[in-house]
Amino acid sequence: MLKYEERIRRLNHHPLRGGARYVLYWARFNRRVTFHHGLLVAAELANQLDLPLLYYERLSASAPYANDRLHTFVLEGVPETARRLQQLGVGYVFDLVCDGSGPGDTLERLAAQAAALLTDDYPDAVAARHDARVPTHLSLPVWAVDSSCIVPMSLIGERQYAAYSIRPKLRRWLAKYLKPLPSVRVRRRYSAPPDPRHVPVSASKIPCLVRSCVADHMVRPSLTFRGGAAEAERRLRRFLTHNLRRYARFRNQPATRATSDLSPYLHFGQLSALEAAWEAKSHAEQEGLIAEEFLEELIVRRELAFNFCRFAARVDSLEELPAWARVTLERHAADRRPFVYRYEQFRDAETHDELWNATQKELLLTGKIHGYYRMYWGKKIIEWSASYQEALETMITLHERFALDGRDPNTYANILWCFGLHDRPWRERPVLGTLRYISREGMQRKTDVGAYLRQIAGLERTGRLPEPVE
DNA sequence: ATCGGCTCGCGCAA
DNA sequence: TGCGCGAAGCCGAT
């Protein structure tokens with residue numbers, strides 16, 4: 001019986017391969033070394049078998065929307081991962097597939113000498129295709145481990161829930177699961193000559209490596225987010241020290257910069273949600289602060305999104321909406337739109353509305369939109385697109401191309417929230433039907449739009465956003 | 001400034 | 001079967 005058994009999904013039932021050289025861990029979504037259930041399970045298995053542990057990570061130009069922004073962010077995490085694995089005695093193969101022809105055969109080659117292959121359990125369509133294919137043609141055990149959610153997805157129940165239903169379930173389990181994890185310990189150090197496919201990465205080589213990939217070079221690296229676990233931990237620390245006390249009051253005031261800005265790191269798994277939540281809870285207890293609102297977003301809303309994506313046939317379809325939302329959209333499909341823009345006009349921030357344009361510029365330049373204005377951004381795309389389907393496609397494409405958290409369960413759930421997911425009906429009106437309406441006047445009334453516009457103008461001019469201000 | 005209604009479906013108590 | 005209530009709102013009445 002292994003530790004964290006409730007997080008393990010066995011994708012096949014092959015016996016452990018004898019005469020193997022190591023246990024192999026493939027970091028697909030959780031690209032980190034600490035607070036990592038999957039890596040701990042792999043290490044435990046390796047220790048039981050008296051084998052070393054090998055950590056495999058891949059960055060492929062054949063991934064959807066491969067571009068300089070996403071590649072740079074992932075590559076910036078690699079030197080720190082290498083350093084940490086080296087210290088622990090765990091082997092590391094970082095595989096950069098530059099030509100976009102496909103994922104290559106490195107995984108198969110490494111798996112041929114492994115006792116077992118472990119990877120991340122993650123509600124993603126690309127991962128699901130791998131999960132269906134890989135375990136049958138590799139003759140070794142393949143296990144997927146849930147290292148993303150604080151409360152294991154498998155304990156929540158085999159269906160989609162609403163926030164108010166999932167919240168008490170999560171709360172009940174948190175006493176058990178909101179606890180720090182040990183660091184990885186291996187009995188046998190990995191010592192083999194470097195694999196021929198391993199690409200050593202240092203910070204200075206990243207621009208050159210990025211250029212060498214067949215990818216969309218027009219999407220420039222983020223001006224404000226640098227990738228990596230060390231950077232993520234630095235931002236978490238800074239958030240806890242300066243912003244946790246302001247979070248409840250100012251999180252919906254974009255210009256105050258009171259949010260954690262951790263979503264890119266959470267998305268690539270460079271930071272563990274468990275670590276962030278545990279540190280927030282501990283810090284709040286020490287300092288006499290309230291972390292409730294932050295933990296609600298980090299745990300309840302995030303794991304609600306994972307629950308949605310886990311049971312959605314597809315996350316990019318209006319078919320997944322609740323019945324009342326589908327019905328109201330059907331009724332209003334032919335309503336006259338006040339403005340109609342195409343994808344390119346949205347992409348280039350060329351609408352009549354300077355606030356909307358500013359939110360889009362934040363996405364283009366930083367790779368993220370402030371959560372509160374992102375709702376406004378999404379609702380207006382619905383109102384200003386020729387059809388609901390086109391609006392959905394615009395929102396998803398803009399995120400997948402430009403956002404550092406683009407393919408995250410949270411992002412899909414947030415986009416579909418604009419179409420009524422996890423929400424309820426409101427007063428009926430044109431185009432949106434009974435979907436919740438968000439107005440420019442409301443944004444003006446409740447937030448400091450002028451300050452935000454000045455910040456985005458400053459971002460365009462200097463490439464920087466201000467640090468948090470009181 | 002504050003408050004209720006809008007409008008639907010789910011979970012739970014009865 | 002009925003009741004309460006829900007991710008971030010809006011609007012009109014007081």
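Because only heavy atoms are used, hydrogens play no part in the values below, and waters and symmetry mates are left out as well, while side chains stay in. Letters go in sequence order (proteins before strands), and every chain restarts at 1.
- Using a 4.0 Å heavy-atom distance criterion, A:R445 is classed as a sugar-phosphate-only contact.
- Taking atom P in both C:dT1 and B:dT7, the straight-line distance is 25 Å, to the nearest Å.
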Reading 5' to 3' and counting Watson-Crick or G-U wobble pairs with both distances under 3.5 Å, write the dot-bracket notation for DNA chain B, | for bases paired outside the strand. ||||||.||||||.
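- When rounded to the nearest whole Å, the span between CG of A:D423 and C1' of C:dC5 equals 13 Å.
- Atom CZ of A:R251 is separated from atom P of C:dA7 by 12 Å (rounded to the nearest Å).
- Between atom OH of residue A:Y373 and atom CD of residue A:Q253 there is a gap of 7.0 Å, rounded to the nearest 0.5 Å.
- Atom-to-atom, CE of A:M443 to C1' of C:dG9 comes out at 8 Å; the value is rounded to the nearest Å.
- Using a cutoff of 4.0 Å between basic side-chain nitrogens and carboxylate oxygens, A:E319 and A:R314 are not scored as salt-bridged.
- Atom pair A:I166:CD1 and C:dA7:P shows a separation of 11 Å (rounding to whole Å applied).
- Distance, A:Y372 OH to C:dA7 C1': 11 Å, rounded to whole Å.
- For the side chain to side chain donor-acceptor pair (under 3.5 Å) condition, the pairs that include at least one residue of residues 268-280 of chain A, sequence neighbours left out, are A:R237-A:E279.
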Letter per nucleotide, 5' to 3', of nucleotides 5-14 of chain B [B base touched, S only sugar-phosphate touched, - untouched; heavy atoms, 4.0 Å]: BBBSBBS---
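- Phosphate proximity of C:dG9 to A:R429: absent, as no side-chain N or O sits under 4.0 Å from OP1 or OP2.
- Judged by distance alone, with hydrogens and angles left aside, the side-chain atoms of A:Y265 form no donor-acceptor pair with the main-chain N or O of A:E231 at under 3.5 Å.
- Across all strands, A:R301 comes closer than 4.0 Å to base atoms (heavy-atom distances).
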Contacts table for residues 68-85 of chain A: side-chain donor-acceptor under 3.5 angstrom, sequence neighbours left out:
residue : atom : partner : partner atom : Å
A:D68   : OD1  : A:H217  : ND1          : 2.8
A:D68   : OD2  : A:H217  : ND1          : 3.2
A:D68   : OD2  : A:R220  : NH1          : 3.0
A:R69   : NE   : A:R220  : O            : 2.8
A:R69   : NH1  : A:L363  : O            : 3.1
A:R69   : NH1  : A:L364  : O            : 3.2
A:R69   : NH1  : A:F402  : O            : 2.6
A:R69   : NH2  : A:R220  : O            : 3.1
A:R69   : NH2  : A:L364  : O            : 2.3
A:T72   : OG1  : A:D68   : O            : 2.6
A:E76   : OE1  : A:G227  : N            : 2.7
A:E80   : OE1  : A:R83   : NH2          : 2.6
A:E80   : OE2  : A:R84   : NE           : 2.7
A:E80   : OE2  : A:R84   : NH2          : 3.0
A:T81   : OG1  : A:G77   : O            : 3.0
A:R84   : NH1  : A:E233  : OE2          : 3.2
A:R84   : NH2  : A:E233  : OE1          : 3.1

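- The closest donor-acceptor contact from the side chain of A:Y55 to the backbone of A:R32 lies under 3.5 Å.
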Using residues 336-346 of chain A as the side-chain source, report each donor-acceptor pair under 3.5 Å to any protein atom, sequence neighbours left out, with the distance given to one decimal.
residue : atom : partner : partner atom : Å
A:R337  : NE   : A:S385  : O            : 3.1
A:R337  : NH1  : A:A333  : O            : 3.0
A:R337  : NH1  : A:D335  : O            : 2.8
A:Y341  : OH   : A:H352  : N            : 3.0
A:Y341  : OH   : A:H352  : ND1          : 2.6
A:Q345  : OE1  : A:R342  : N            : 2.9

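- Of the side-chain N and O atoms in A:K446, one or more sit less than 4.0 angstrom from OP1 or OP2 of C:dC10.
- Regarding A:Y437, its OH atom lies at a distance of 9 Å from the C1' atom of C:dC10, rounded to whole Å.
- In this structure, A:E383 atom CD and C:dG9 atom C1' are separated by 13 Å, rounded to whole Å.
- Candidate nucleotides C:dA7, C:dG9, C:dC11 were compared by shortest atom distance to the side chain of A:R167, and C:dA7 ranks first.
- Around the CZ atom of A:R464, the shell of radius 6.0 Å holds no more than 12 heavy atoms that belong to other residues, nucleotides or ligands.
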Donor-acceptor list for residues 287-295 of chain A side chains, cut-off 3.5 Å, not counting sequence neighbours:
none

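- The C1' atoms of C:dA7 and B:dA1 are separated by 24 Å, rounded to the nearest whole Å.
- Remark: C1' of C:dG12 and CD of A:E441 are 16 Å apart, rounded to the nearest angstrom.
- For the pair A:T411 (side chain) and A:R407 (backbone), a donor-acceptor distance under 3.5 Å is absent.
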